[in-house]
Q: 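Attaching a single structure in structure tokens format; questions to follow.
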Amino acid sequence: MVDTLRLTAEEATGLIERGEVSGAELHRAYLDAIAERDPELHSYLCTVEQPDGAGVPIALKDVISTRGVETTAASKILAGYKPVFDATVAARVKDAGLPLLGKTNLDEFAMGSSTENSAYGPTRNPWDPSRVPGGSSGGSTAAVAAGLAPWALGSDTGGSIKQPAALCGVVGLRPTYGTVSRYGIVAFASSLDQVGPIAKTVRDCALLHRIIAGRDPVDSTTVDLPEPIELPEAEDLKGLRVGVPTELNEAEGIEPGVSEAAKRTIELARELGAEVGECSLPRSVEFGLPCYYLIAPSEASSNLARYDGVRYGYRAEPNGDVRSMYDRTRREGFGDEPKRRIMLGTYALSAGYYDAYYGQAQKVRTVIRDEHAAAFEDFDILVSPTSPTVAFELGARTANPLAMYAADLLTIPSNMAGLPGLSIPCGLSEGLPVGFQLIGRQFSENLLFRAGHALERALSFDYVPERYR
């Protein structure tokens, strides 16, 4: 019998290659696990019974277009939409022989930090179902943490892979902007969105990133990788210069248990041979959150304008002229959070306010990028907690959008700079996982994998939620 709770994707590949289990048997084992545990968690929006491919199965966040399989972005406005094409990342995992397990839940249009904004109900954290899994890729991270998928793809705009990976005790990579194609991804904020891997181990993350990364002729924002993705083998951190940004590690709102776990991991890095020193990112942390919440909603207001009830997706019953139909379709089809961000973004882009808000935010973004570049003159990677808190209770922040937005306080600055970030679990606080964030220069994914793997081995974190052991 396949133990999906402990099986890594790399181990599953070995089982198939040795003939100990077939691809179909492995797929069925995961579907059985989903049937057993997902009614409580709601990490999936749909599953696939007869997929293509005979390799290690994979789950895809439901912003990734899949030919013939409903793709809703967890919104009523896209209910029933079945794409006639695969997103590039979906095509690449299919070409690699990875059969689709299903589409995972998310905050509607990837707008949120808890996966409570889904039009189809929230996802729950496998470590404690009374708590959120993080977001917006909470369905993908919960599925991996609960043994309902060996690995998954999510998307990250302000922290939507790294933050839920931290809250669910798994590994998540937000790649360098432009290294993974966005073709066929339901757009939120085009200058920030990036698809990335979620898995139980750093090596699994590297394996999946190797499959999806690289230039795509139909996405002009993609670039060739400067070097192939390597599987990490390092057991120490000798020669690595690790920077500890004061503002990211001492930010207001970081829980004591989270801070202590991060400090222990930083000390562990020193024991593994790293040269550790303090640095500063004052403007990045102070202005990162407000800068993000001008740029991302502005781009969202433009991207979501296509949902008008005419071409695809939900259409309200006609009741008057076309303009009335547009209005009713959007009012009935969008949830509260997309409406909130559309309104904010439309205001920021409106005549007389563009320069004061969106234009100014883009200037601040350049300052954030330059500040990170200055830090990397002295250090190879920067580290901090991934999330200020462990998983919070369902409903605790739904009435306070600003408190919800603060969940991404530590992940947003590097995302604004287009930098890669890796989150690994580094311990527990109050019985819940704590994430440790490693940030690198552009195209430094191999370095992040090597450092993350060495720390992962030394930490020996048990990624199976205690309630399933």
Q: Taking atom types as modelled, find out whether Thr222 and Asp216 have a side-chain donor-acceptor pair closer than 3.5 angstrom.
A: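 On atom types as modelled, these side chains do not qualify, holding no pair under 3.5 Å.
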Q: Does the side chain of Thr115 reach to within under 4.5 Å of the side chain of Val132, using non-hydrogen atoms?
A: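 A side-chain contact is absent here, since even the closest heavy-atom pair is not under 4.5 Å.
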Q: Does this structure show an ion pair linking Asp336 with Arg340, if we count only N-O contacts that are shorter than 4.0 Å?
A: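 Looking at Arg340 together with Asp336, the answer is no, because their closest N to O distance does not fall below 4.0 Å.
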Q: Strictly under 6.0 Å, is that where the ring centroids of Phe436 and Phe461 end up?
A: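 No: the rings miss the under 6.0 Å criterion.
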Q: Are Val195 and Arg182 close enough that some pair of their side-chain heavy atoms sits under 4.5 Å apart?
A: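 When only atoms from C-beta onward are counted, Arg182 and Val195 do not touch, as no gap falls below 4.5 Å.
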Q: Using only heavy-atom distances, determine whether the side chains of Ser136 and Lys61 contain a donor-acceptor pair under 3.5 Å.
A: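 Note: Ser136 and Lys61 side chains meet the donor-acceptor criterion.
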Q: Is any side-chain heavy atom of Pro197 closer than 4.5 Å to a side-chain heavy atom of Cys205?
A: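 Contact flag for Pro197/Cys205 side chains = yes.
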Q: Using a 6.0 Å cut-off, check whether atom NZ of Lys339 has over 12 heavy atoms from anything other than its own residue.
A: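 Yes, the 6.0 Å shell around NZ holds more than 12 heavy atoms from other groups.
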Q: State whether a side-chain donor-acceptor pair under 3.5 Å links Ser75 with Glu108.
A: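 Distance-only check passes for Ser75 and Glu108.
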Q: Take a 6.0 Å sphere around CZ of Arg67 and say whether it holds more than 12 heavy atoms from other residues, nucleotides or ligands.
A: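 Open: at most 12 neighbouring heavy atoms sit under 6.0 Å from CZ of Arg67.
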Q: So is Arg330 actually on top of Tyr326's ring, under 6.0 Å and inside 45° of the axis?
A: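 Satisfied, under 6.0 Å and within 45°.
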Q: With a 4.5 Å heavy-atom cut-off, do Pro413 and Glu247 have their side chains touching?
A: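 Answer no - side chains too far apart.
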Q: Kindly compute the distance separating OG1 (Thr329) from CZ (Arg331), expressed to the nearest 0.5 Å.
A: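 Taking OG1 in Thr329 and CZ in Arg331, the distance rounds to 9.0 Å.
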Q: Do Thr411 and Arg174 have side-chain N/O donor and acceptor atoms under 3.5 Å apart?
A: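 Side-chain D/A pair, Thr411 to Arg174: absent.
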Q: Taking CD in Glu332 as the centre, count heavy atoms belonging to other residues, nucleotides or ligands within less than 6.0 Å. Is the count above 12?
A: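 Enclosed: over 12 neighbouring heavy atoms sit under 6.0 Å from CD of Glu332.
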Q: Hey, does Pro388 have a side-chain heavy atom less than 4.5 Å from the side chain of Leu410?
A: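 Heavy-atom side-chain distance check passes, below 4.5 Å.
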Q: Please check if atom CZ in Arg323 has more than 12 non-hydrogen atoms from other residues, nucleotides or ligands closer than 6.0 Å.
A: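 Incorrect, the count does not exceed 12.
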Q: Of Val93, Thr8, Leu98, which meets side-chain contact (heavy atoms from CB on, under 4.5 Å) against Trp151?
A: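 Of Val93, Thr8, Leu98, side-chain contact (heavy atoms from CB on, under 4.5 Å) with Trp151 is met by Leu98 alone.
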Q: Pair Ser113, Arg397 - check side chain to side chain donor-acceptor pair (under 3.5 Å), show working.
A: CA-CA 10 Å; Ser113 303; Arg397 302 189 184 185; over 6 Å; no
Q: What verdict does the side-chain contact (heavy atoms from CB on, under 4.5 Å) test give for Tyr30 and Thr47, after you've listed the backbone C-alpha separation in whole Å, the side-chain angles of each residue and the deciding distance to 0.1 Å?
A: CA-CA 10 Å; Tyr30 279 101; Thr47 55; over 6 Å; no
Q: Counting only heavy atoms not in Phe376, do more than 12 fall under 6.0 Å of its CZ?
A: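 Atom CZ in Phe376 is packed in, count exceeds 12.
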Q: Side chains of Ile64 and Ile185, heavy atoms from C-beta outward: is any pair under 4.5 Å?
A: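 The answer is yes; the side chains approach within 4.5 Å.
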Q: If you count the non-hydrogen atoms of other residues, nucleotides and ligands that lie under 6.0 Å from OH in Tyr353, is the total more than 12?
A: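 Atom OH in Tyr353 is not packed in, count stays at 12 or less.
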Q: When the ring planes of Phe109 and Tyr307 are compared, do they come out parallel, tilted or perpendicular, using 30° and 60° as the limits?
A: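 Geometry flag for Tyr307 against Phe109: tilted rings.
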Q: Using side-chain heavy atoms (C-beta onward) and a distance below 4.5 Å, is Ser130 in contact with Leu394?
A: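 Of all side-chain heavy-atom pairs linking Leu394 with Ser130, none is under 4.5 Å.
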Q: Do Ser43 and Asn105 touch side chain to side chain, with heavy atoms closer than 4.5 Å?
A: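 Ser43 does not reach Asn105 side chain to side chain.
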